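I have placed the structure first, in the form of structure tokens, so that the comments after it can refer back to it.
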Amino acid sequence: MPDTTPRGLTGLAFGGDYNPEQWPESVWQEDVRLMREAGVTMVSVGIFSWALLEPAPGAYDFGWLDRVLALLHDNGIRVDLGTPTAAPPAWFYRAHPEALPVTAEGVRYEFGSRAAICHSNADYRAAAANITTRLAERYGDHPALAMWHVHNEYGVPVSACYCDSCAAHFRRWLATTYGTVDAVNEAWGTAFWGQRYADLEQINPPRLTPTAGNPAQALDYKRFADATMRENFVTERDILHRLSPGVPVTTNFMTALSQCDSVDYWAWGREVDIVTNDHYLITDGRRTHVNLAMAADLTRSVAGGAPWLLLEHSTSGVNWQPRNPAKAPGQMARNSLGHVARGSEGALFFQWRQSRRGAEKFHSAMVPHGGTDTRVWREVVELGASLESLAEIRGTRTCADAAVLWDWHSWWAQNLDWRPSEDHDARERADAYYEALYDHHLTVDFAHPEADLSGYPLVVAPALYLMTEAAGNNLKTYVENGGTLVVSYFSGIVDEHDAVHEGAHPGPLRDVLGLTVEEFSPLLRGERVRLTGPDGSGLDADVWTEFVVPRGAETVWTYADGLTAGRPAVTRHRLGAGTAWYVSTRLGAAGLDDVLGRAGEDARIAPRADLPRDVEVVRRTGESGTCLFVINHTATDTKVPLETSGTELLSGERAAGRLAVPAGAVRVVRLDG
Ligand code: GLA
Ligand code: ZN
């Protein structure tokens with residue numbers, strides 16, 4: 001069995017992507033000296049080095065990588081070694097131009113960036129397996145090797161290819177998945193618009209069509225593209241397992257990035273030895289630390305609750321968003337330790353030394369253009385020391401209070417064409433409910449709708465448009481056994497083939513919610529609707545309303561105006577030993593706060609009223625005890641009551657009573673007991 005933690009690391013991992021090939025060898029000596037100064041323990045090497053390692057077909061140059069690994073090893077730095085298969089060399093594409101991916105519009109991408117790969121292409125598959133084999137043969141038992149880093153961020157920037165090899169591969173996938181063309185016709189509802197196929201050979205990828213294509217076909221193509229990338233990962237992984245036994249294999253995920261919605265990380269989490277994630281702050285005006293917490297919680301959940309590793313984030317600004325602000329002083333440490341609080345076994349960055357050339361030269365790094373006499377470098381050195389003092393939390397697990405249901409397939413389905421309103425955005429609802437739970441100071445696990453939920457007092461389903469019968473039954477059992485469920489509108493509408501469930505909406509949720517939905521009535525852009533609460537108070541909502549018919553549920557909030565005036569907007573249904581809430585409109589922060597507060601009472605979750613907004617408290621627990629992470633994202637000093645005394649690990653000082661956490665600071669207290 002391969003290890004599930006990086007080999008040879010005793011504490012937390014700290015480091016970044018190290019790209020020495022961009023620099024003369026004279027710089028390497030300074031690199032390792034600075035790595036030691038900063039307390040770097042592991043670096044990722046060789047992720048994009050295929051063109052250097054195999055400069056011509058079958059001709060290899062491992063000399064430089066031998067020297068890099070020896071240098072790192074001599075300096076006690078562990079190596080996360082990349083397979084360079086996200087960046088095939090120019091010679092490869094000259095020989096195999098059809099390995100370049102094709103868009104749905106039929107345009108073939110060119111060489112000259114990275115990740116231009118058709119994952120069905122047999123020549124690519126053979127070449128990737130070959131370079132992986134060569135690397136594994138050469139470095140499989142290298143003393144510096146901590147883990148293998150396969151490829152890079154599968155799914156971005158190309159999420160699917162629509163070429164002829166993919167078409168043939170898709171047909172094979174359909175044959176395996178469905179058996180017969182009639183089963184495909186049935187699943188896709190091809191009776192509609194005369195789309196019936198007489199033979200699997202007639203089926204193509206969902207390429208450009210004059211108007212909306214078949215939604216079930218598009219959904220299956222997402223599944224196929226995801227499975228195809230996973231096949232290639234598994235091929236590389238198995239080569240590494242065979243030739244480098246025991247060494248853990250990972251590939252870096254981007255779990256919560258909305259730009260990377262094409263990978264079903266539930267499935268991928270089962271294939272890697274260590275779950276690793278890349279996270280970058282999306283600076284679009286929203287609270288970046290909330291999105292960070294969500295990404296970390298989702299990554300931990302994909303890892304089944306086990307520790308995981310943050311393989312990339314940034315020391316300061318990135319360079320690929322429309323506007324790329326620098327991080328504020330102290331923000332990098334809050335970010336890194338925020339991930340650690342939620343289960344990461346360290347913090348690594350893209351990248352070690354800021355490039356002078358190439359597309360990412362304006363992306364921050366651990367060693368900035370300005371060198372070591374810089375704020376970023378000083379904060380990097382400080383972070384290295386902080387992580388060193390947290391070594392004991394290795395192997396401990398983050399404790400969650402509630403679960404949010406999450407399913408990539410449902411997200412894919414909701415984003416297909418011709419839905420009731422383009423203003424409804426499944427991801428926006430997931431973010432909003434997560435943020436509301438965050439503001440209640442609840443730590444969240446994400447769960448697949450068919451997973452065992454019995455450990456959670458509160459479960460929230462933000463927008464689960466696609467829901468199987470099995471998931472519906474699972475939620476019913478959960479509530480009957482005493483759970484509290486909150487479901488947002490447009491959930492439980494279709495099955496796994498995007499076919500509307502039989503009978504009234506929401507098919508598999510009717511019984512558990514105690515209601516039916518007769519009609520959706522999305523609002524026009526900018527239109528708002530008023531709700532009246534149980535005590536006569538008012539709320540605004542927008543985007544979506546529904547004609548809800550209670551069939552056992554009680555009405556809590558009522559529509560006060562609009563087409564649905566007088567009908568239920570938010571309902572509550574007692575079922576067995578539990579309660580199920582339904583929210584039929586898009587509530588803002590105040591509305592979500594109200595509903596989750598009431599649902600929290602049903603779930604008997606005590607609110608942490610003693611914590612200011614944006615002061616994050618998370619605990620990790622294990623054999624070594626419990627550590628409380630307190631992250632003050634505000635500009636105000638604060639004090640957080642401790643349930644017992646303890647030791648603050650970053651400073652080594654004793655802590656008791658009310659823990660002082662200055663503005664922008666992080667404290668980690670190992671509680672006595
Ligand atoms: C991704 C990639 C890295 C780098 C960073 C920049 O995470 O994996 O190679 O491009 O983005 O933010
Ligand atoms: Zn292709």
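Since we're looking at a predicted model, the values are computed, not measured. Order of listing sets the numbers, starting from 1, for every ligand and every atom in it.
- Side chains of V263 and W408 form no contact here, defined as non-hydrogen atoms less than 4.5 Å apart.
- Inter-residue side-chain proximity for L281 and Q331 is flagged as met; some heavy-atom pair is nearer than 4.5 Å.
- In this structure, a donor-acceptor pair under 3.5 Å is present between the side chains of H241 and D273.
- Within 4.0 Å of ligand 1, protein heavy atoms come from F48, R114, N152, E153, D278, Y280, E312, W320, F350, E360, H363.
- Inside a sphere of radius 2.8 Å centred on the Zn ion (ligand 2), the protein N/O/S atoms present are C118 SG, C161 SG, C163 SG, C166 SG.
- Residues passing the side-chain contact (heavy atoms from CB on, under 4.5 Å) test with E153 are V156, N252, M254, D278, E312, sequence neighbours excluded.
- Under the 3.5 Å distance criterion, with hydrogens and angles disregarded, a donor-acceptor pair is assigned to the side chains of Y438 and E616.
- Remark: the H363 side chain and the N324 side chain contain no N/O donor-acceptor pair separated by less than 3.5 Å.
- With sequence neighbours excluded, the residues satisfying side-chain contact (heavy atoms from CB on, under 4.5 Å) with A341 are V618, F629.
- Aromatic ring pairs are classed by plane angle as parallel below 30°, tilted from 30° to 60° and perpendicular above 60°; the pair Y60 and F62 is parallel.
- Around atom CZ of R36, no more than 12 heavy atoms belonging to other residues, nucleotides or ligands sit under 6.0 Å away.
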